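Heads up, the thing below is written out as structure tokens.
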Amino acid sequence: MKIRLSIFILLFIFTSSVALSYNNARALLMVNKKAQPDSLDYNIVESFTKLIYSKLKEEKIFLWDSPRKESKINFLTLQNFEKTYNYRFEDLDNFFIYESWSSNSKKSEFKIHGFSFTSETKNGKEINYGYLEFSVVSDYLKSNYLNTSIESNYLNSYFAVFMNKAFNFDILFFKNKPILSANSKHPEKDYRKGLRIRDKAFFSAKKNMNAIEVKTSKLLYFKLITNDYDSAGMLILSAIEDYFDLHRRELIEYGGKSIFNSFRDSPFILTGCKVKEIWIKEEGRVSYKLLEIVPYSFSIDFKPINFVDLIELGINVKGVPLDKCLAIKNFKYHIIKINTAKIDSDLTPSYIEALKNAEWNELKKYIEMN
């Protein structure tokens, strides 16, 4: 893979010399899309560039022209780059991370300064899409999670991925020396040197002081339906139905005009309710965090009612708050999605059993074996 470093050689300043122990050693990392292993269940390059692009489009963050931060690059300018070079920001093959590393015989730690985004045109011209300060985007990295399959932990934020170095990367520069360069006489030797520096610092017996524990967790979507005639489930659905039948202002607010007009002169009929929760497994016990519910009447969904609004509505089931009743799980329900994976609701009993008894990174394997 050809590596062009012209942007970085001028802008990245290194300090002190390589030693077994070092403090605040500057490191420049390259993260390549094709180098990400499938076993991670996500591609950080694809996911990260999409997240950044969405925040740029919403004008919540901005880029600089370089780490020197001489001029800003807004979303309109970025779009012009895309049109001029016929290359979308979200399709970039690489991004680069500016960090400072400290390490001794027992532990390593690091600080992220920022990210750069570049690509090459077909004729080999280097395009600089800009530099992003870590401090500008860190809150979004903490509050956004990677799209994951059924076997992954849902609460795996971008921030956790970067802090745990849970992706593949190469070192281009370390301290005052380039590690990989386009004109190297010994590219394989240089590559191995970078791997040794990387692995000794963060993939050895040394403790990563920045590491973040990722809770064993799943994002679950399930639904209760009146056709089940399940007594515990019917109590929950009846409580929701009765509430919106009595509170017509909320019926029009959350159900919309179509539902309101359908039941303007008749009792409201609820046919089911979708539920979105985070399930967290700790020491073999599962806890549930309600995110939102979506009641529906026949084929028409309400708009989602998040947890805060639900508490304000005060829907109770025989005096017990709705969220507490949903956490008991003594009712019949149909799982429709786990994380980003759609589930055949007919297999709900098997998935419930797997969630109770299997390791959460082996749900499919458990179901296949049982």
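These figures come from a predicted structure and were not determined experimentally. This chain uses plain numbering: 1 for the first residue, then up along the sequence.
- Asn208 is linked by a side-chain contact (heavy atoms from CB on, under 4.5 Å) to Phe110, Phe202, Asn210, Ala211, counting only residues two or more places apart in sequence or in another chain.
- Not a single donor-acceptor pair under 3.5 Å links the side chain of Thr49 to the backbone N or O of Leu92.
- Both tests pass for Arg198 against the ring of Phe169: distance under 6.0 Å to the centre and angle within 45° of the axis.
- Looking at Ile336 and Ile343, their side chains never come closer than 4.5 Å, going by heavy atoms from C-beta outward.
- The line from CG of Asp190 to CG of Leu172 is 11.5 Å long, rounded to the nearest 0.5 Å.
- Taking the six-membered ring where the residue is Trp, the centroids of Phe75 and Tyr53 are separated by under 6.0 Å.
- When atom types are taken as modelled, the side chain of Asn339 and the backbone of Ser152 share a donor-acceptor pair closer than 3.5 angstrom.
- Although no hydrogens or angles enter the test, the distance criterion places no donor-acceptor pair under 3.5 Å between the side chain of Ser47 and the main chain of Ile44.
- You'll find the side chain of Asn94 stays beyond 4.5 Å of the side chain of Thr118, heavy atoms only.
- Interatomic distance, NE2 of His247 versus CG of Leu313, reported as 8.5 Å (0.5 Å rounding).
- Ser100 and His113 get closest at one heavy-atom pair: OG-NE2, 2.5 Å.
- Using a 4.5 Å cut-off on side-chain heavy atoms (C-beta onward), Asp301 and Lys274 make contact.
- At distances below 3.5 Å, at least one donor-acceptor pair connects side-chain atoms of Asn144 with backbone N or O atoms of Tyr140.
- A donor-acceptor distance shorter than 3.5 angstrom exists from the side chain of Thr348 to the backbone of Ile335, with no hydrogens or angles considered.
- Here the CD1 atom belonging to Ile179 is positioned 11.0 Å from the CG atom belonging to Leu29, to the nearest 0.5 angstrom.
- For the side-chain contact (heavy atoms from CB on, under 4.5 Å) with Pro295, the qualifying choice from Leu251, Leu270, Leu224 is Leu270, the only one to do so.
- The cationic group of Lys218 does not satisfy the cation-pi geometry with Tyr154, failing either the under 6.0 Å distance to the six-membered ring centre or the 45° limit from the ring axis.
- Looking only at distances, a side-chain donor or acceptor of Lys329 sits under 3.5 Å from a matching main-chain atom of Leu326.
- Note that the CZ atom of Phe167 and the OH atom of Tyr158 stand 13.0 Å from one another [nearest 0.5 Å].
- Looking at Phe244 and Ile259, their side chains never come closer than 4.5 Å, going by heavy atoms from C-beta outward.
- The line from CG of Asp65 to CD1 of Ile73 is 6.0 Å long, rounded to the nearest 0.5 Å.
- Thr77 and Asn74 are linked by a side-chain donor-acceptor pair at a separation below 3.5 angstrom, with hydrogens and angles left out of the test.
- Minimum interatomic distance between Trp360 and Trp279 (heavy atoms only, all atoms of both residues): CZ3-O, 3.6 Å.
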(message) Apply ring-ring contact (aromatic ring centres under 6.0 Å, His included) to residues Phe268 and Phe263 and explain how you reach the verdict.
(response) CA-CA 6 Å; Phe268 169 62; Phe263 301 102; 5.3 Å; yes
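- The minimum heavy-atom distance between Ser157 and Leu141, with the atom names listed, is CB-O, 3.5 Å.
- A donor and an acceptor atom, one from each side chain of Ser116 and Tyr98, are located under 3.5 Å apart.
- A donor-acceptor contact shorter than 3.5 Å links the side chain of Asn261 to the backbone of Lys257.
- When side chains are defined from C-beta on, Val161 does not count as touching Phe48, because their heavy atoms never get closer than 4.5 Å.
- Here the shortest heavy-atom pairing between Phe62 and Leu132 reads O-CD1, 3.5 Å.
- Between the side chain of Tyr87 and the backbone N or O of Asp91, at least one donor-acceptor pair lies under 3.5 Å.
- For Tyr22 and Phe174, the ring centers are positioned less than 6.0 Å apart.
- For Phe162 and Phe115, the distance between ring centers is under 6.0 angstrom.
- Closest non-hydrogen pair, Ser350 versus Ile367, comes out as O-CG1, 4.0 Å.
- Using cut-offs of 30° and 60° on the angle between ring planes, the pair Phe222 and Tyr333 is tilted.
- The heavy-atom pair separating Ser105 from Ser21 by the smallest distance is N-OG, 4.4 Å.
- No donor-acceptor distance shorter than 3.5 angstrom exists from the side chain of Asn153 to the backbone of Leu155, with no hydrogens or angles considered.
- Between Glu99 and Lys165 there is a salt bridge, since a side-chain N of the basic residue sits under 4.0 Å from a carboxylate O of the acidic one.
- Ion pair Lys50/Glu46 not flagged as a salt bridge, since none of the NZ, NE, NH1 or NH2 atoms sits closer than 4.0 Å to an Asp/Glu carboxylate oxygen.
- Taking NZ of Lys215 as the reference point, atom CG of Asn156 lies at 13.5 Å (rounded to 0.5 Å).
- Atom CZ of Arg192 has 12 or fewer neighbouring heavy atoms from other residues, nucleotides or ligands inside a 6.0 Å radius.
- Checked by atom type and distance alone, the side chain of Asn43 pairs as donor or acceptor with a backbone atom of Lys33 at under 3.5 Å.
- Salt-bridge formation is not detected for the pair Glu368/Lys365: no Lys NZ or Arg NE/NH1/NH2 atom is positioned less than 4.0 Å from an Asp or Glu carboxylate oxygen.
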